Amino acid sequence: MQELIHQFFDVGFMAEHFDEVLNGFWLTLQLSIVSGFLALTWGLILSLLRQLPGRGFMPVRFATIAYIDVFRGIPLLLIILLIATGLPSLDFLPTWLRIPHWFGKPDPFWYGTMAITITYGAYMAEVYRAGIEAVPAGQMEAARSLGMNHGQAMRNVIVPQAVRKVFAPLLNDFIALMKDTTLVSVISLNEVVLVASDIQSETYVSSALTLGALMFLVVTLPLARLVDKLIAREQGRFTRGAPSVQTP
C-alpha cells in the first residue's frame, strides 16, 4: 500500500513538481480556449453553409457535408501528425504560415490548434445543425414574410434560438476538446501530459501524472455539472409547457 501511495499519490512529490506541471496545464488551457473558440466559429460557419437553400448552392452543401463526414471519421491524432509533419514542407507557402510563431507561441501550439479546429469544427457543425433544425419552420417563414432574406433570417431569428438550444451539447464538446488537447504532446508541445511524462521518465514516479489528472478534474467537473444544470433547465421548460394530464 505504501508503494502504491508513493507511486501515484505522493503529496510531497506533487508539491515539489507543482510549478512545472501547472505551467504545462496553463499551456493546455490556452490551447483549449483558442482552439475551442475557433472550432465553435468554424462549426457555425459549416452549419450555415449546409443550410444554404436552392439548387445553386447544392455544390456548397455537398462539399460541406463531405468535409463534415471526412473529418468526423479521421482520428484527431492523425490530423495532428499530418499537419505538423506536412505543413512545414510546403515550400510554396510563406514561412510565417508554414512554421507559425504567432503571439509568441511555438509552432506545435498552432499545429495543434489547426488540427483541433478542423476536427472539432466538424463535430460542432452537427450540433449547430441539430439546433437549427429544432427551430420551428414557422420562424423562418415569419422572418421571410417580414422582408428578410435567408441570411438575415438566419442571423437575426434562427441562429440565436438554435444556439440557446444546443449550448449544453456544445459545452460538452468543449470538455471533450479540452481532454483531447493532450494528443498534441506527440508533436512535442510542453503541455501538461508531456511535462508530467518527462518527470515520470526521469524519476520513475507517476505522481506528476496524477497531479495533471487532478488539474483537469478541477476544470472539467464544474463544467460537467454546468452541462447537467443546463440540460435540466431545458427539460424543465418543456415539462412546464406540457399540458397537464387529468386522472379520471
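Everything quoted here is computed from the prediction, not taken from an experiment. Positions are given from 1, in the same order as the sequence printed here.
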*List the steps and the verdict of salt bridge (Lys or Arg N to Asp or Glu O under 4.0 Å) for Glu141 and Arg144.*
CA-CA 5 Å; Glu141 295 169 1; Arg144 296 302 295 269; over 6 Å; no
*Between CZ of Phe13 and NE2 of His6, what distance do you get to the nearest 0.5 Å?*
7.5 Å
*With side chains defined as the heavy atoms from C-beta onward, is the minimum distance between Trp26 and Leu29 less than 4.5 Å?*
yes
*Nearest-0.5 Å distance that lies between atom CG in Leu76 and atom CG in Leu183*: 5.5 Å
*Atom CD1 in Ile68, atom CE in Met124: separation rounded to 0.5 Å?*
13.0 Å
_Rounded to the nearest 0.5 Å, what separates atom CG in Leu170 from atom OH in Tyr120?_
12.5 Å
*Taking side chain as C-beta onward, heavy atoms only, is Leu44 less than 4.5 Å from Val159?*
yes
Show the atom names and distances, to 0.1 Å, of all donor-acceptor pairs under 3.5 Å that link a side chain in residues 214-230 to residues at least two apart or in another chain.
residue	atom	partner	partner atom	Å
Thr220	OG1	Phe216	O	2.9
Arg225	NE	Asp228	OD2	3.2
Arg225	NH2	Asp228	OD2	2.6

*How about Tyr67: does its OH atom have over 12 heavy atoms from other parts shown lying under 6.0 Å from it?*
yes
Going by atom type alone, with no hydrogens or angles, which donor-acceptor pairs under 3.5 Å involve a side-chain atom of residues 105-114 and a protein atom two or more places apart or on another chain?
residue	atom	partner	partner atom	Å
Lys105	NZ	Gln30	OE1	2.5
Asp107	OD1	His101	NE2	3.3
Trp110	NE1	Trp102	O	3.0
Tyr111	OH	Arg98	O	2.5
Thr113	OG1	Phe109	O	2.8

*After noting the C-alpha distance and the side-chain angles of Asp173 and Val127, does the key distance pass the side chain to side chain contact (heavy atoms under 4.5 Å, CB included) rule?*
CA-CA 9 Å; Asp173 275 352; Val127 176; 3.4 Å; yes
*Report the C-alpha separation of Ile158 and Met140 in whole Å, then their side-chain angles, then the decisive distance to 0.1 Å, and conclude whether the side chain to side chain contact (heavy atoms under 4.5 Å, CB included) test is met.*
CA-CA 7 Å; Ile158 306 300; Met140 174 62 78; 3.9 Å; yes
*Closest heavy-atom contact between Phe71 and Ala122?*
CB-CB, 4.1 Å
*Of all the heavy-atom pairs spanning Arg50 and Ile65, show the shortest one and how long it is.*
NE-CG1, 3.4 Å
_Membership question, hydrophobic clusters at under 4.5 Å side-chain separation (ILVMFWY): are Leu189 and Ile33 in the same one?_
no
*Which pair of heavy atoms, one from Gly121 and one from Leu46, lies closest together, and at what distance?*
O-CD1, 3.8 Å
_Pairwise distance CE(Met178) to CZ(Phe174) - rounded to 0.5 angstrom_ = 6.5 Å
*Please walk me through it: do Thr117 and Val34 pass side chain to side chain contact (heavy atoms under 4.5 Å, CB included)?*
CA-CA 9 Å; Thr117 300; Val34 173; over 6 Å; no
*Measure across Ala162 and Ile132 and return the closest heavy-atom pair with its distance rounded to 0.1 Å.*
CB-N, 3.5 Å
*asked:* For a 4.5 angstrom cut-off between non-hydrogen side-chain atoms, does Ile118 reach Ile83?
replied: yes
*What distance separates Ile80 CD1 from Ile116 CD1, expressed to the nearest 0.5 Å?*
5.5 Å
*Report yes if some heavy atom in the side chain of Met148 is under 4.5 Å from a heavy atom in the side chain of Arg155; otherwise report no.*
no
_Could you check whether Glu20 and His17, counting side-chain N and O atoms only, form a donor-acceptor pair closer than 3.5 Å?_
yes
_Nearest atoms (heavy-atom pairs only) where Lys165 meets Val135_ = CE-CG2, 4.2 Å
*For Pro88 and Thr85, which heavy atoms make the closest approach, and how far apart are they?*
CD-C, 3.9 Å
*Side-chain contact, heavy-atom cut-off 4.5 Å: Phe25 with Val195?*
no
*State, yes or no, whether a side-chain contact exists between Leu87 and Leu93 at a heavy-atom distance under 4.5 Å.*
yes
_My understanding is that a hydrophobic cluster links ILVMFWY residues whose side chain heavy atoms are under 4.5 Å apart, including indirect links. Using that, what else belongs to the cluster containing Met1?_
Leu4, Ile5, Phe8, Phe9
